[in-house]
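Dumping the structure here so I can ask a few things about it.
The model shown is predicted, which means the values in this text are computed figures rather than measured ones. Counting starts at 1 for both ligands and their atoms, following the listed order. All residue numbers in this chain count up from 1 along the given sequence.
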Amino acid sequence: MKLVIAIVQDKDSNQLQGTLVDAGFQVTKMASTGGFLRSGNTTFMIGTADTRVDELLTIIHDQCKSRRQVVSPMSSLDGNSEGYMMHPVEVEVGGANVFVMDVDRFEHF
Ligand code: 2BA
């Protein structure tokens, strides 16, 4: 069994959730925050059989678009002058960042 953790953009999350559930995957969806942009994203936790991982990755790949996003000056501050950003910076976010992990044991009580 594998545990797949996928961090995706909020804009893609509802459609991805629907497609995964329709395909018979068990999904937990969590609100999360990107460390760099400090804006919301969505993290999916999906436990699945090893044999379905490729199918799962194909769905995530097909549903999640990469988008360019501008980080405004001063938007990434934490009160420390070293973090100051004086000019807008454009970054490409996503489509998805995915971790695939082995599961030693899964219990469902
Ligand atoms: P954020 O940390 O908000 O990052 C958003 C985007 O900003 C990243 O897109 C990347 O293009 C850029 N970026 C991140 N850190 C940067 C830096 N130090 N300097 C310049 N640009 C930087 P993605 O790579 O697609 O990441 C999207 C979101 O996925 C991230 O949001 C974070 O929440 C998560 N993520 C990505 N890689 C991760 C990792 N190795 N571990 C945990 N979470 C990760």
Problem - Rounded distance [0.5 Å steps], CD in Q15 versus NZ in K65 - result: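 Nearest 0.5 Å value for the CD-NZ distance: 6.0 Å.
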Handout entry: Reported OG1-to-CG distance for the pair T19 and L56, which is rounded to 0.5 angstrom
Key =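 Separation between the atoms: 11.5 Å.
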Handout entry: side-chain hydrogen bond (donor to acceptor under 3.5 Å, both in side chains) pairs, two or more places apart, involving residues 98-109
Key = K2-D102, R105-E107
Exercise for the section: Taking side chain to side chain contact (heavy atoms under 4.5 Å, CB included) as the test, write out the residues that go with N14, two or more places apart. Expected result: Q17, K29
Please report, to 0.1 Å, the donor-acceptor pairs under 3.5 Å made by any side chain of residues 41-48, with sequence neighbours excluded.
{"unit_1": "N41", "atom_1": "OD1", "unit_2": "S32", "atom_2": "OG", "d": "2.6"}
{"unit_1": "T42", "atom_1": "OG1", "unit_2": "D10", "atom_2": "OD1", "d": "2.7"}
{"unit_1": "T43", "atom_1": "OG1", "unit_2": "S32", "atom_2": "OG", "d": "2.7"}

Handout entry: Under 4.0 Å from ligand 1, counting heavy atoms only: the protein residues, by chain and number
Key = I7, G34, G35, F36, L37, N41, V91, E92, V93, G94, N97, F99
Problem - More than 12 heavy atoms from other groups under 6.0 Å of CD on E55 - result: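 Check passes, neighbour count above 12.
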